[in-house]
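The structure under discussion appears below in the form of structure tokens.
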Amino acid sequence: QVQLVESGGGLVQAGDSLRLSCAASGDTFSNYAMDWFRQAPGKEREFVAGISWNGGTTAYRTSVKDRFTISRNNAKNTVALQMNSLKPEDTAVYYCAAEKGLYYTGEKPDYWGQGTQVTVSS
């Protein structure tokens with residue numbers, strides 16, 4: 001079992017930056033690849049970024065590439081999402097998720113956080 005708690009969401013203006021954090025507890029953190037997903041009102045939840053168990057491999061959806069950076073600290077059991085040059089279309093609830101295994105698939109994570117709201121005004 002893994003418990004995930006996100007923090008760092010908020011209301012910002014277009015072009016601003018925001019850093020989301022996710023604290024994990026329970027099972028051994030390095031046994032999991034980690035993801036960030038998001039869900040905008042009226043839309044399906046979508047994969048945003050993933051990171052392998054040791055941080056050596058990352059992946060991003062096309063629309064956030066070069067603006068968002070995912071990172072992890074296995075000593076502190078945390079994963080972060082640095083979001084720069086935010087756009088109104090980035091507005092969504094952002095979820096931290098854990099996938100059992102070394103590498104992310106971006107599909108059907110095993111554990112989810114409760115989500116944190118990010119709102120970007122134009």
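Numbers for residues simply follow the sequence, beginning at 1.
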Point to revise | Verdict with supporting geometry, E6 and L20, side-chain contact (heavy atoms from CB on, under 4.5 Å) | key: CA-CA 7 Å; E6 302 98 333; L20 305 182; over 6 Å; no
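Residues R45 and W112 form a side-chain contact, since some pair of their non-hydrogen atoms from C-beta on lies under 4.5 Å apart. For the pair T57/Y104, a side-chain contact is recorded, criterion being any heavy-atom separation below 4.5 Å from C-beta on. Put simply, the side chain of R61 does not reach to within 4.5 Å of the side chain of F68, judged on heavy atoms. For the pair Y111/Y32, a side-chain contact is recorded, criterion being any heavy-atom separation below 4.5 Å from C-beta on. Considering only heavy atoms from C-beta on, R67 stays 4.5 Å or farther from Y60 through its side chain. Within the 4.5 Å cutoff, the side chain of C22 has heavy atoms near those of the L4 side chain. The side-chain heavy atoms of E46 and E44, taken from C-beta on, include no pair separated by under 4.5 Å.
Taking CG of D35 as the reference point, atom NZ of K108 lies at 14.5 Å (rounded to 0.5 Å). Between the OG atom in S71 and the CE atom in M34 there is a gap of 11.5 Å [rounded to 0.5 Å]. Note: D16 CG to L86 CG = 7.5 Å, rounded to the nearest 0.5 Å. How far OG of S63 is from NZ of K87: 7.5 Å, rounded to the nearest 0.5 Å. R72 contributes atom CZ, which lies 14.0 Å from atom CG of L81 (distance to the nearest 0.5 angstrom). Rounding to the nearest 0.5 angstrom, the gap separating the CZ atom in F47 from the CD atom in E107 is 9.5 Å.
Just one of T116, L11, N84, V12 meets the side-chain contact (heavy atoms from CB on, under 4.5 Å) condition when paired with L18; it is V12.
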What pairs of donor and acceptor atoms, side-chain ones from residues 91-100 against any protein atom, are under 3.5 angstrom apart with sequence neighbours left out?
residue, atom, partner, partner atom, Å
T91, OG1, P88, O, 2.9
T91, OG1, V120, N, 2.9
T91, OG1, V120, O, 3.4
Y94, OH, R38, NH1, 3.0
Y94, OH, D90, O, 2.6
E99, OE1, T105, N, 2.9
E99, OE1, T105, OG1, 2.7
E99, OE2, T105, N, 3.1
E99, OE2, G106, N, 2.9
K100, NZ, D27, OD2, 3.3

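Taking every heavy atom of both residues into account, V2 and A24 meet most closely at CG1-CB, 4.3 Å.
Applying the side-chain hydrogen bond (donor to acceptor under 3.5 Å, both in side chains) test to every pair with at least one member in residues 47-56, sequence neighbours left out, gives these pairs: S52-N54.
No chain of hydrophobic side-chain contacts below 4.5 Å, direct or via other Ile, Leu, Val, Met, Phe, Trp or Tyr residues, connects M83 to F37.
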